[in-house]
Amino acid sequence: MSELYIDGASPPCLRGQACGACGNVAFPPNPYGCETCGAPAATLSDQALEGRGILRAFVTTHHGSRKDIAVPFTVASIALNDGPIVRAVMIEATDASLNVGDTVHSVLVDGHPDDGEAHPHIKFQRTEKP
Amino acid sequence: MRKTLKELRPVYVVGIGLHKYQAASDTPYVTLGLTAIRQALDDAAIAYSEVESVYSGTALLGMAPSRAMLRHLGASGIPIAQVENASASGSTAVRQACLEVASGICDVALAVGIDKPTKIRLAHDSAGVPDLVTGHMAPFTHFALLAHEYMHKYGVSPEQVAAVSVKNFSNAQHNPYAHRTRPRSLEEVLAAPLIAGSLTQLQCCPIGEGAAAVIIASEDAISRLNIARSRAVRVLSSVSRSEKVYDAGLDPDTQLTRETLAMACAEADVGPGQLDVVEFHDAFSIEELLYVEALGLCGEGEAAELLSRGTFDIGGRCAVNPSGGLLGMGHPIGPTGVGQVCEITRQLRGEAGRRQQPDARLGLAHMVGIGSVCVAHVLTREP
């Protein structure tokens, strides 16, 4: 299973995948083949995507569909500065402080029982203006 | 050379039947299915022994549910198969029945949808391609995100989106097969528990149990079996599509629906403006606004305003979800797409009672399935 991030940069980069045949850059990565042109996995290579982008939309979910994930939580649609649009869980549990157009960045967080995720993983957070 | 349904021999819906959509009960799925099938056979006034092929749309019952149900109609040895295509399972069963009759392989085919609620296990979750929202992206969260984006883009309010539920509950109160039969005010819809984003519980469809059946027949069968030609409704087109990779920023659900509905209308040689009645996959209120625009019933960002003016009411320019839709009639999964074809047929026959769209001649049924897939049929009452 592919890791979803490349540690080292600050903020951490997402592990994007570039297709050597058609040039498409996708996230999340997959071990099978290019969704755009069908080229096999050997044609795909890692491409680091900067963990910064702009909030396109966000919602707070109040209704749990899994017992191992605590509510409320907030997920967002984010246009990465490097192109792809990704969906991510926000550090902010509710959307009270968020606005469309806000700048956000990736954060590597430890696994937590409330996240349904035992391993370190990526969330996003609103970037405070300097 | 590739052919469309319309270029093959004509196929007709000649019988419809339903078991009420309802909350999960102890009723066996066999009872649900047989109720709908027997009603469809009675409606067509033919015996089960005339049916030559059966497709069962079901996603939740487990392996091989068809024969355990159908044998009680008299085990006739005909080909039977289950069709699983998520929420579009029933629509896909209808499509398979239409294609089989249109091709000439059989003259009478039955499409039945049956399901009972259970814990859903999605193959997607074990595909080995995790993302950043694994476990956090239930359908209601997904569509709440689309709602947020839509409202921000077009300056539409949460109240305008919630108005979809008010209309569809109003339609469902006159549908004896509907899961939700109580009309609701806008205040009630907005005051229901928040699920995700601005979507309240009354803007999310109920998943229950039920059954729906349609009998598809050729002209040969209509003549040979003395089926009432005046009540036969022709299926003009049947289109099934799956999601492609769309340009960044375009919502894949709406794009998939846009191209599927455009093909369904083109293959039927019908413009969207000619449609009198449409059943959309409104599992969540926002979807109806997105798909009304994707079909081309109005321009982008205009659906909410037209909804408030009654354009999509029964009696309006185009009746949208006169059955109550998934929000009102309910979404028992397998039956839903078949039930839509029942409703369109009833409307085109002029037999929809208090839900009747006046002088309905052309109708469209549309389902989306997680994955995503999209299936649409255009039907007409021939003069």
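Proteins get letters first, then strands, A, B, ... in listed order; numbering begins at 1 in each.
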**Q** What distance do A:Ile69 atom CD1 and B:His136 atom NE2 have between them, rounded to the nearest 0.5 Å?
**A**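 A:Ile69 atom CD1 to B:His136 atom NE2 measures 4.0 Å (nearest 0.5 Å).
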**Q** Please work out whether the ring planes of A:Phe58 and B:His148 are parallel, tilted or perpendicular, with thresholds of 30° and 60°.
**A**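 Correct class here is tilted.
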**Q** Checking B:His142 against A:Arg87: is there a side-chain donor and acceptor pair closer than 3.5 Å?
**A**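 A pair is found: one side chain offers a donor N or O, the other an acceptor, under 3.5 Å apart.
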**Q** Who among A:Val75, A:Leu14, A:Val100 has the most heavy-atom pairs with chain B under 4.5 Å?
**A**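 The residue among A:Val75, A:Leu14, A:Val100 with the greatest pair count is A:Val100.
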**Q** Less than 4.5 Å to any heavy atom of chain A: does that hold for the side chain of B:His152, its backbone, both, or neither?
**A**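 Contact with chain A involves the side chain of B:His152 alone.
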**Q** Which bit of B:Met151 comes within less than 4.5 Å of chain A, counting heavy atoms only: side chain, backbone, both or neither?
**A**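 No part of it gets close to chain A.
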**Q** Supply the atom-to-atom distance A:His62 NE2 to B:Leu199 CG, rounded to the nearest 0.5 angstrom.
**A**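 Interatomic distance, A:His62 NE2 to B:Leu199 CG, rounded to 0.5 Å: 10.5 Å.
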**Q** What distance separates B:Thr134 OG1 from A:Arg66 CZ, expressed to the nearest 0.5 Å?
**A**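 Separation between the atoms: 8.0 Å.
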**Q** What part of A:Tyr5 gets within 4.5 angstrom of chain B, counting heavy atoms only: side chain, backbone, both, or neither?
**A**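 The answer is neither part of A:Tyr5.
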**Q** If I measure from the heavy atoms of chain B, does A:Thr36 come under 4.5 Å with its side chain, its backbone, both, or neither?
**A**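 Looking at A:Thr36, backbone and side chain both touch chain B.
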**Q** Please classify the contact of A:Ile85 with chain B as side chain, backbone, both or neither, using a heavy-atom distance under 4.5 Å.
**A**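 The side chain, not the backbone.
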**Q** Among B:Met137, B:Glu149, B:Lys244, which residue has the highest count of heavy-atom pairs closer than 4.5 Å to chain A?
**A**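 That would be B:Glu149.
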**Q** With a 4.5 angstrom heavy-atom cut-off, could you sort out which part of B:Ala127 is near chain A: side chain, backbone, both or neither?
**A**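 Contact with chain A: backbone only.
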**Q** Taking all atoms of both residues into account, what is the closest heavy-atom pair of A:Pro31 and B:Gly128, and its distance?
**A**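 Residues A:Pro31 and B:Gly128, closest heavy atoms: CD-O, 3.8 Å.
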**Q** Shorter than 4.5 Å, heavy atoms on both sides: which option in B:Ile195, B:Leu146, B:Val133, B:Val245 has the most such pairs with chain A?
**A**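 Ranked by contacts with chain A, first place is B:Ile195.
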**Q** Do you know which of B:Leu145, B:Thr141, B:Asp131 has the most heavy-atom pairs under 4.5 Å to chain A?
**A**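 It is B:Leu145.
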**Q** Would you say B:Leu132 and A:Pro28 make side-chain contact, with heavy atoms under 4.5 Å?
**A**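 Not in contact.
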**Q** Using a 6.0 Å cut-off, check whether atom CD of A:Glu35 has over 12 heavy atoms from anything other than its own residue.
**A**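 Count not over threshold, so no.
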**Q** If you count heavy-atom pairs under 4.5 Å with chain B, which of A:Ala76, A:Ser77, A:Gly116, A:Ala88 comes out on top?
**A**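 The option with the most such pairs is A:Ala88.
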